[in-house]
Amino acid sequence: MRIGFGLGILLSLAALVAALVSFVWTPADPTAMAIAQRLQPPSAAHWAGTDHFGRDIASMLMVGARTSLAVALLAVGIGMAVGVPLGLLAAARRGGLIDEAVMRMNDLIFAFPSLVIAILITAVFGPSAVNAILAIGIFNIPVFARVTRGGALSLWTLDYIRAARVAGKGMARISLEHILPNIANLLIVQGTIQFSLGILAEAGLSYVGLGAQPPTPSWGRMLAEAQTMVTLAPHVAIFPGLAIVATVLGLNLMGDGLRDALDPRLRRAR
Amino acid sequence: MTLLRLRDLDVAIGGTPILAGVGFDLAEGAVMGLVGESGSGKSMTALALMGLLPEGATVTGRADFAGRDLLALSETALCGLRGREIGMIFQEPMTALNPLQTIGDQVAETLIVHGAARRAEARGVAAERLARVGLPQDRFPLSLYPHELSGGQRQRVCIAMAVALRPKLLIADEPTTALDVTTQAQILDLLTGLVAEERMAMLLITHDLAVVSGTADHVAVMQAGRIVEAGATEAVFRTRAHDYTRRLFAASAHRPDRRPPPPGGEAPPLLEVRGAVREYRLPRPGPFAPHPALRAVDGVSFALGPGESLGLVGESGCGKSTLTRAILGLDALQGGEIRLAGVPVGPGMDPALRARVQVVFQDPYGSFDPRWRVERLVAEPFHLTGRPDDWRDRVGAALREVGLAPGDGAKFIHEFSGGQRQRIAIARALIIRPDLIVLDEAVSALDVRVRAQILDLLAALQDSHGLAYLFISHDLSVVRAVTDRVLVMQAGRIVEDGAAEAVLTAPRHAYTQQLVAATPKIPEDWM
């Protein structure tokens, strides 16, 4: 368990560091083409080789990490910013009309296959990183609303919430002062999981050409472009694939580890 | 003949000693009580005998049971023994049964697991055992699920499972603590009857001296992982050779010094409840049928004068808690009215009025936000009055008043014991100087000695601040010790109302008589 948590942090940090370093330095210009040097295997000059335009894959991966992380982070942000207040509201008015309305809206969003809707949004408003963020973010809203409501519901029955009501505090104040800090663990854990799912979704959207547009490098599009050359130069597909797998695996391991580290019951059981 | 001979039982968990040199003899067919406060090691002793200690526990000692040393047996051998030779009943009947299995299957499972019967026969035996514990087939078919039964009925199912194979030893760990007094009396009757009839020995673990005095032939008193005194129940209880036993007895019979109640009559009542009705909507029985209503509070009326202590007694489900929530102005009534100092009480009430009534809840562990510091927790009711500039000093003063140090304000709640937490809850209720404090089972979860201290504290605070208390409890002896007047509530109605002493010594209503009769007592001449 501990090893998994450590590995998760390491992998996630690696992606983050690559993204941050890419702002100031990359091994080569990720957009500079050199057709003469195309499809070169990994070497000292090109750590991860070059693609069919002769661009440096290692540099593209670093800049691509920037895109992936930014899109996933903003999408989680949208999901939390809208979903958490909705969940708190639903829990505060549990059993009432507002609760019913919020939860049925959630069901409605859940009922659509998320990728299809994302494709729809980007198809209507044109493919761009911003639209990918919106599309992924909207599907994070019901996830956070549900997690928030579930956690909040069990807290609303506790005596300290009743004591706060006896102290004259309203629903909004209790939600902010007592409920939210006590479900923060849940939200952090869910946040890391949604973050990794967001990276996958962004890669998926870019793969079908609906994410960040060229020449901005993106892991998903690198995979798509490598598809026809897999037999010729497998490294062109392997490195972006590894980047996605490592980052998603790292975030999931970190999420699991956080869940155990933050849950006092699990801590005692171990 | 000795059935179980326990010698020098030492248990340590993670290096911390839990039990030291525990030993006793249990004869065949005898009942032995193991009493002590929480954390004294009663349950750990039972778990050690069953080989069910938590991970990381080390055990030394000897427990000879029917020719074998229980502490030296392998897990496989213990599995064959548990349920067959030793049965066990736990405190919480609500979680001791599998909610997805019928009661018949659960009792039959014990028989099948031990190869004592095939499936078809097992159901027959299960039916017979359930009938023996008071769940006859015509009213309680084997196909019932646990959620269809009350707490007492579930405990009966647990007993049926424990005795299905007629074990030689039955270990009952606080079997009636979670039950109402009338149910407790029935379950204790059932257990003593079963033990006598089937020549079983029983190890009865409880914190309640009165329960032991009426049930067990022998008793062992435990303190901090040791048995400090043991012997025949009557002899131990009469002589009380050990200091700890004496203190336990003093605490359980403790009555705080209280000044006489203020002369009533002229003063207008502080709290007035008139014809209060509170209904809950139940789920529709059919898709188009109207919602049936459950009347949890049904036309309750009473008045509470300033500085008075009023007791409200009743069993779980009688509507006490619903009435409390209405008095605190958390829920609206469907009929009647509640007035505090002449002003109606309700969810939209004025903060200044709300500030005149505060509350202390039962559970010292659920009453505080674990992420707040104590000073912020205690200061929370200032929300009603506006937080004064010297709030930290006031919190410090309130903490000192309840017997804690002002510096405790900077700590988190998990650093305090149950009794200390209840003191903090009282400080929180006191901080805005209310006229009335509702004590909702405020001492029920505490050990006897801590309970006696809290009752003393409440009496002293009433004296110094002129507080009125509404003391809600299921425990008649506590209510009698701290209140002037008592109301008895049954099924949403007040069935008896009078001076505490009179109601509890000479009850008039049949229900009150039943409650008083069911309350376990240590025989008068032993005291």
Side-chain angles (χ1 to χ4, degrees), chain A residues 1-2 84 88-89 91-100 103 147-148 151-189 258-270, chain B residues 14 54-56 280-281 321 324-325 327-331 347-372 376-387 413-414 421-422 424-425 428-429 431-432 434 436-438 440-442 445:
Chain A
M1 200 64 242
R2 283 259 168 71
V84 171
L88 288 175
L89 179 70
R93 303 268 173 224
R94 59 206 167 284
L97 259 180
I98 294 180
D99 180 21
E100 196 73 9
M103 294 323 286
V147 169
T148 306
L153 276 186
S154 60
L155 291 181
W156 271 103
T157 62
L158 294 180
D159 278 345
Y160 67 81
I161 302 296
R162 251 198 285 164
R165 292 182 65 199
V166 172
K169 292 190 172 171
M171 303 286 183
R173 193 176 263 278
I174 291 177
S175 291
L176 280 182
E177 290 186 356
H178 288 293
I179 307 274
L180 195 55
N182 278 295
I183 56 169
N185 297 350
L186 280 179
L187 295 179
I188 289 170
V189 170
L258 274 180
R259 189 201 329 255
D260 295 352
L262 294 176
D263 189 332
R265 279 170 305 171
L266 286 177
R267 211 179 311 161
R268 222 174 300 134
R270 193 165 355 112
Chain B
E55 272 173 57
Y280 288 108
R281 272 189 355 162
S321 308
T324 314
R325 278 202 298 280
I327 290 172
L328 292 172
L330 299 180
D331 290 348
M349 72 205 255
D350 187 56
L353 180 65
R354 207 180 268 281
R356 302 186 66 167
V357 49
Q358 284 297 303
V359 63
V360 177
F361 294 109
Q362 169 175 7
D363 180 8
Y365 295 90
S367 298
F368 303 96
D369 189 329
R371 293 179 180 271
W372 282 23
R376 192 174 170 206
L377 288 167
V378 172
E380 190 167 34
F382 277 138
H383 183 70
L384 289 166
T385 56
R387 195 155 76 176
I413 197 69
H414 67 254
R421 287 177 198 215
Q422 224 48 347
I424 294 169
R428 172 169 66 185
I431 192 88
I432 50 171
L436 169 65
I437 296 185
V438 176
D440 188 356
E441 301 273 8

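Sequence lines set the chain letters: A, B, ... in the order given, protein chains first and strands last, and positions in each chain run from 1. Note that the structure is a prediction, hence the values are computed from the model and not measured.
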Under 4.5 Å to a heavy atom of chain A? For B:V357 that would be backbone
The complete set of salt bridge (Lys or Arg N to Asp or Glu O under 4.0 Å) pairs with one or both residues in residues 156-181 of chain A, sequence neighbours excluded, reads A:D159-A:R162, A:K169-A:E177, A:K169-B:E380, A:R173-A:E177
- So do the side chains of A:V166 and B:P381 get within less than 4.5 Å of each other, counting heavy atoms only? no
* Got more than 12 heavy atoms from elsewhere within 6.0 Å of CZ, A:R94? -> yes
Counting heavy-atom pairs under 4.5 Å with chain A, the top scorer among B:P370, B:A425, B:P347 is B:P370
Applying a strict 4.5 Å limit to non-hydrogen atoms, the region of B:L384 in contact with chain A is both
Side chain to side chain donor-acceptor pair (under 3.5 Å) pairs touching residues 353-367 of chain B, sequence neighbours excluded, are B:R356-B:D435
Between the CG atom in A:N185 and the CZ atom in B:R371, the distance rounded to the nearest 0.5 Å is 5.0 Å
